[in-house]
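This report concerns only the one structure given below.
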Amino acid sequence: MTHPAVRDLFQSLARHTAFQELCRRLVRRESNRLSLGGLTTTAKALYLVLLWQAAERPLIVVVDGNKQAEALADLIGTFFDLLVNRNDIPHPQTIPALDILPHQKLSPHTEIAEQRAIGLWRLATG
């Protein structure tokens, strides 16, 4: 259980002018893609959870490699647990990159294929 003061502190970040402008663009769908920069991994994770709460729709985040994806996913999971108080909402899902190149004529590792299939199924089914 998160102390209400901690939750309020994090939620207060959502009232920042730049964040409000980002939410406005996302909700009005002024752009299909938005790019954010200049944030630490921790700040990205926090703002992604806040953005997801404000947008009330699925978000897809693309990062450069599995290491970055895992680090960001861990932090997003932490902030998700702190800020989202509903058990009926599934946790964010990571869709890992394949561990092989297409021209190698090899099959991806079964765990990676499973994680990708679960993530894509969840994305397709909402």
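All values derive from a computational prediction rather than experimental measurement.
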Original post:
Between Ile60 and Leu123, is a side-chain contact (heavy atoms from CB on, under 4.5 Å) present by the stated rule, with each step listed?
Top reply: CA-CA 9 Å; Ile60 297 176; Leu123 184 64; 3.9 Å; yes

Original post:
CD1 of Ile89: more than 12 outside heavy atoms within 6.0 angstrom?
Top reply: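 It does: Ile89 CD1 has more than 12 such atoms within range.
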
Subject >> Residue Gln104 excluded, over 12 heavy atoms near CD under 6.0 Å >> reply: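 Yes.
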
Original post:
Can you list the residues that meet the side chain to side chain contact (heavy atoms under 4.5 Å, CB included) rule with Ser107, with sequence neighbours excluded?
Top reply: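 By the side chain to side chain contact (heavy atoms under 4.5 Å, CB included) rule, Ser107 matches no residue at all.
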
Subject >> 4.5 Å side-chain heavy-atom contact, Leu46 and Leu83 >> reply: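 Yes, close enough: below the 4.5 Å cut-off.
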
**OP:** For the residue pair Thr42 and Phe79, establish whether any side-chain heavy-atom pair is separated by less than 4.5 Å.
**Re:** yes

Original post:
Residues two or more places apart in sequence or in another chain: which of them pass ring-ring contact (aromatic ring centres under 6.0 Å, His included) with His91?
Top reply: Phe80

Subject >> Residue pairs, two or more places apart or on separate chains, that pass side chain to side chain donor-acceptor pair (under 3.5 Å) and touch residues 44-54 >> reply: Gln11-Gln53

Original post:
Is there a path from Ile118 to Ile112 through hydrophobic residues (I, L, V, M, F, W, Y) whose side chains come within less than 4.5 Å of each other?
Top reply: no

Original post:
Do Leu59 and Val49 share a hydrophobic cluster, counting only Ile, Leu, Val, Met, Phe, Trp and Tyr and linking them when any side-chain heavy atoms are less than 4.5 Å apart?
Top reply: yes

Taking only distance into account, with no hydrogens and no angle test, what donor-acceptor pairs under 3.5 Å do side-chain atoms of residues 61-71 form with protein atoms, sequence neighbours excluded?
| unit_1 | atom_1 | unit_2 | atom_2 | d |
| --- | --- | --- | --- | --- |
| Asn66 | OD1 | Ala97 | N | 2.8 |
| Gln68 | NE2 | Asp64 | O | 3.2 |

Distance from [X] atom [atom1] to [Y] atom [atom2], nearest 0.5 Å?
X: Glu114; Y: Glu111; atom1: CD; atom2: CD; answer: 7.0 Å
X: Ile76; Y: Leu48; atom1: CD1; atom2: CG; answer: 5.0 Å
X: Leu98; Y: Arg116; atom1: CG; atom2: CZ; answer: 4.0 Å

Subject >> Minimum heavy-atom distance between Gln115 and Pro96, given as atom pair plus value >> reply: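 That closest heavy-atom pairing would be OE1-CG, 3.2 Å.
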
**OP:** Give the minimum heavy-atom separation between Leu50 and Ala14, together with the two atoms involved.
**Re:** CD1-N, 4.1 Å

Original post:
How does the hydrophobic cluster around Leu120 look, that is, which other residues are in it when side-chain heavy atoms under 4.5 Å mark a link?
Top reply: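 Result for Leu120 is Ile95.
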
Subject >> Hydrophobic cluster partners of Ile100 (side-chain heavy atoms under 4.5 Å) >> reply: Leu106

